[in-house]
Amino acid sequence: MYIDPHVHMVSRTTDDYVRMARAGCVAITEPAFWAGYDRSSVGGFFDYFRLLTDFEPRRAAQFGIRHHTWLCINSKESEDVGLSREVLGIIPQFLDAPNVLGIGEIGLNKNSRNELLILEEHIALAAKYQQMILIHTPHLEDKLKGTILIMDAIKAHGGISAGRVLIDHVEEHTVKPVLDRGYWCGMTLYPDTKCTPQRAVDIIEMYGNERIWMNSAGDWGHSDPLAVPKAQMEMRRRGHFESLVHKITFENPRSFLSQSAKFSAQPLTPTAADVTR
Amino acid sequence: MYIDPHVHMVSRTTDDYVRMARAGCVAITEPAFWAGYDRSSVGGFFDYFRLLTDFEPRRAAQFGIRHHTWLCINSKESEDVGLSREVLGIIPQFLDAPNVLGIGEIGLNKNSRNELLILEEHIALAAKYQQMILIHTPHLEDKLKGTILIMDAIKAHGGISAGRVLIDHVEEHTVKPVLDRGYWCGMTLYPDTKCTPQRAVDIIEMYGNERIWMNSAGDWGHSDPLAVPKAQMEMRRRGHFESLVHKITFENPRSFLSQSAKFSAQPLTPTAADVTR
Amino acid sequence: MPESPDNTAPIRTKKATADAYFIEHRAKVLDIAAFLDRVDRAGGEDDYRVAALRVAISLLLDGKPERARRILELWSDQTTVPIGKAHMKGAVGCVDLSSSTDRST
Amino acid sequence: MPESPDNTAPIRTKKATADAYFIEHRAKVLDIAAFLDRVDRAGGEDDYRVAALRVAISLLLDGKPERARRILELWSDQTTVPIGKAHMKGAVGCVDLSSSTDRST
């Protein structure tokens, strides 16, 4: 039994849902993501948020998987400040949807001024509506700098409790600063550009098992929606106790996510095939 | 369209046949292999050779794939000289089967005296019955020494033409000695312990495209029966001409294997599901 | 299900670690060797990414702990001020170690 | 289908080679770093396989060509006489570089 707290199911198949359910996935959270191209109008985001709050939870339920989501405009699209603010303007009307846990994945991509500006406005929105935050940290050579800039921006706002922020995609050089400042952190298991299961388990061995989770970040690129159960196998291969496997892949994400009353990892009977489409 | 000239289908599923056929596989050759445990009597080999010469070609034909085979006792079982000689004794009665191309995969495993003795007896058998030879070279640290010992043994016999011997599992340190002595060579695409597709294509770029092929050696361990089409993709990724892709993965194995009149890579209409079982 | 109050892992030895992981990292060393050979055979100017890879490889052998963290830091943009504008969406994998350009302008 | 009488590949540059292959070998360097860190954290005696891996890594940086071939040769049994009897079926991945034992006896 596990939770994948960061996976972009909009880009995945029903076969993936089937395989995840068989591997023990009971709940997921899907942060709003970049589409692979820049959406051209706020209307595109409106429809995307409808998908995340309506269609996708119904699709997941057919496989007995509870689906939750986070809303934002991605930092890859933040250079267009005007459009970003339009999107920020429509988010509040979705925040009461039964599966919305907060604002995310927000953060930085190339660590630019406009990205930082729009990040600050997302943080202010989260504070205003008392939402949790899921943070995306930049890729590769931009990660270290961006992680620090993001944490500085959250601290500068002053209205966000560190315990309600998950900073994702940490690696060996960013995990300690994130934990030291009191945030939760996520390790993303991703081919080539983030953590392997081995390195993620190394990080647990080095930096402890508190305020940390693992996710697949499965998306439209080369990625693996079964990465979390594979990391469970890696933990077992090393002889870690089953209790630790369960803590990292179920109890920890449940603890963080349950700060929203909307989150549930309770068993869900698969629904009938959705015929409303 | 490609040929996988070394794949152990006894250990693979019908789904693998389907995927290979879809990827363009038209013909395979299956050398006799170690079962993962030592067979306990010559009767086990007799039944294995029946599988290789009767059941497996019928199974492959259902997917439009032409199946050929090579017979021997594996070098992993050569310490039992008595059993090995019993197996050598039953091979001749199978050599006239319509899909038997020769003796293989013979060679060395740990480079022991008994392995070498049984190798020499296989070589003598091949010479007596004018059979081609498919050579297995040892794993990892034993490969270099074993490759030289094997080539010396073939040369010492004196009755085998180098052009009728394929020495398989070459890597960067063994490809040149094998080609320099006039043998054909095979690169095995195998996770972790042999060549990756990238390294195999490097070897072609460094050592040329004559007397060389690629195979998957798919078996009961961690292996990939689609490794050859993946290596074709690697060649295309580097901008190699389609003519070279075709030469390495179709024309070269066809040229070597066609030294036996029993070999064919002609299109084969898939047969009906086999109901004789 | 064995339980442990502090969730600690069993103690492992260097031998057990090599038993479990040597073969795959042996293969990765060969893959890197073949990549560097491939770069050798290619024409044109040296590439700053390959140079950064070589520096990282040297850290593998410097006898100090936390190689993974230190290599990631080596490859990281060490500037601290936001850049003016994002001109691309992707990332390269390392900074140009020969350049002291302040990319924050 | 483009044809070439000698089947040669297009000429490639070091930059194009890095474009195609840098990211995955960057990841492999990190994996090896994490493996060596893992060995550091483990207890017990040094393992001869890890020692052989370190020697191979040093060949990555010696500036000479054909690293893959040379590393495979480094790890190979260099004896030339058959051993008396096979006591195992598998292989380790490298010889013990600190040992001068003649395994042909």
Side-chain angles (χ1 to χ4, degrees), chain C residues 9 11-72 74-75 90-94, chain D residues 9 11-72 74-75 90-94:
Chain C
I11 293 165
R12 271 191 307 277
T13 63
K14 295 184 196 306
K15 178 180 180 305
T17 304
D19 287 347
Y21 300 109
F22 170 68
I23 284 285
E24 69 189 84
H25 292 93
R26 174 191 187 279
K28 287 175 182 180
V29 169
L30 279 176
D31 287 344
I32 294 166
F35 169 65
L36 293 173
D37 289 348
R38 202 175 305 144
V39 170
D40 274 359
R41 296 198 308 277
E45 297 295 306
D46 288 343
D47 189 277
Y48 73 96
R49 293 164 291 186
V50 180
L53 200 78
R54 290 182 206 273
V55 176
I57 292 168
S58 74
L59 297 188
L60 296 176
L61 296 178
D62 69 2
K64 297 177 191 162
E66 296 194 63
R67 295 163 191 81
R69 176 183 62 75
R70 291 185 293 120
I71 288 171
L72 284 165
L74 169 78
W75 286 332
V92 167
C94 65
Chain D
I11 293 164
R12 271 191 308 276
T13 64
K14 294 183 196 308
K15 178 180 182 303
T17 305
D19 286 347
Y21 299 108
F22 171 68
I23 284 285
E24 70 188 84
H25 292 93
R26 174 192 187 277
K28 287 174 183 181
V29 169
L30 279 175
D31 287 344
I32 294 166
F35 170 65
L36 293 173
D37 290 347
R38 203 176 304 143
V39 170
D40 274 359
R41 297 197 307 277
E45 296 296 305
D46 287 343
D47 189 277
Y48 73 97
R49 294 164 290 187
V50 180
L53 200 77
R54 290 183 207 273
V55 176
I57 292 168
S58 74
L59 296 189
L60 296 176
L61 296 178
D62 69 2
K64 297 177 191 163
E66 297 194 62
R67 295 163 191 82
R69 175 183 62 76
R70 290 186 294 121
I71 288 171
L72 284 165
L74 169 78
W75 286 333
V92 167
C94 64

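Naming: A, B, ... by sequence-line order, numbering from 1 per chain. Just so it is clear, the model here is predicted, and its values are computed rather than measured.
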### Query
By a 4.5 Å heavy-atom criterion (distance strictly below it), what part of D:Glu24 contacts chain C: side chain, backbone, both, or neither?
neither

### Query
Which pair of heavy atoms, one from D:Lys15 and one from C:Arg49, lies closest together, and at what distance?
O-NH2, 3.3 Å

### Query
If you look at every heavy atom in C:Asp37 and D:Pro65, which pair is closest and at what distance?
OD1-C, 4.2 Å

### Query
What distance do C:Tyr21 atom OH and D:Leu53 atom CG have between them, rounded to the nearest 0.5 Å?
15.0 Å

### Task
Taking the side chain as every heavy atom from C-beta outward, state whether D:Phe35 and C:Lys28 have any pair of such atoms under 4.5 Å apart.
no

#### Entry: Choice from D:Arg70, D:Arg69, D:Arg67 maximising heavy atom contacts with chain C below 4.5 Å
D:Arg67

### Task
Grab the two heavy atoms, one from D:Ala33 and one from C:Ile71, that are nearest each other, plus how far apart they are.
CB-CD1, 3.8 Å

### Task
Kindly give the heavy-atom pair with the smallest separation between D:Ala42 and C:Thr17, and that separation in Å.
CB-OG1, 3.6 Å

### Task
Mark yes or no for whether C:Lys14, through its side chain, and D:Val39, through its backbone, hold a donor-acceptor pair below 3.5 Å.
yes

### Query
Under a 4.5 Å heavy-atom cut-off, does chain C meet the side chain of D:Ile57, its backbone, both or neither?
both

#### Entry: Contacting region of C:Leu60 [heavy-atom separation from chain D under 4.5 Å]
both

## Note on the structure
Looking only at D:Leu72, D:Leu61, D:Leu59, the option with the highest number of non-hydrogen pairs under 4.5 Å against chain C is D:Leu61

### Query
Which answer fits D:Ile23, side chain, backbone, both or neither, if we ask what part of it has an atom under 4.5 Å from a heavy atom of chain C?
side chain

### Summary
In short, D:Val50 meets C:Ala18 closest at the heavy-atom pair CG2-CB, 4.1 Å

## Note on the structure
The reported gap from CG in D:Asp47 to CG in C:Asp19 (rounded to nearest 0.5 angstrom) is 7.0 Å

### Query
Do any N or O atoms from the side chain of C:Arg26 and from the backbone of D:Gly93 form a donor-acceptor pair under 3.5 angstrom?
yes

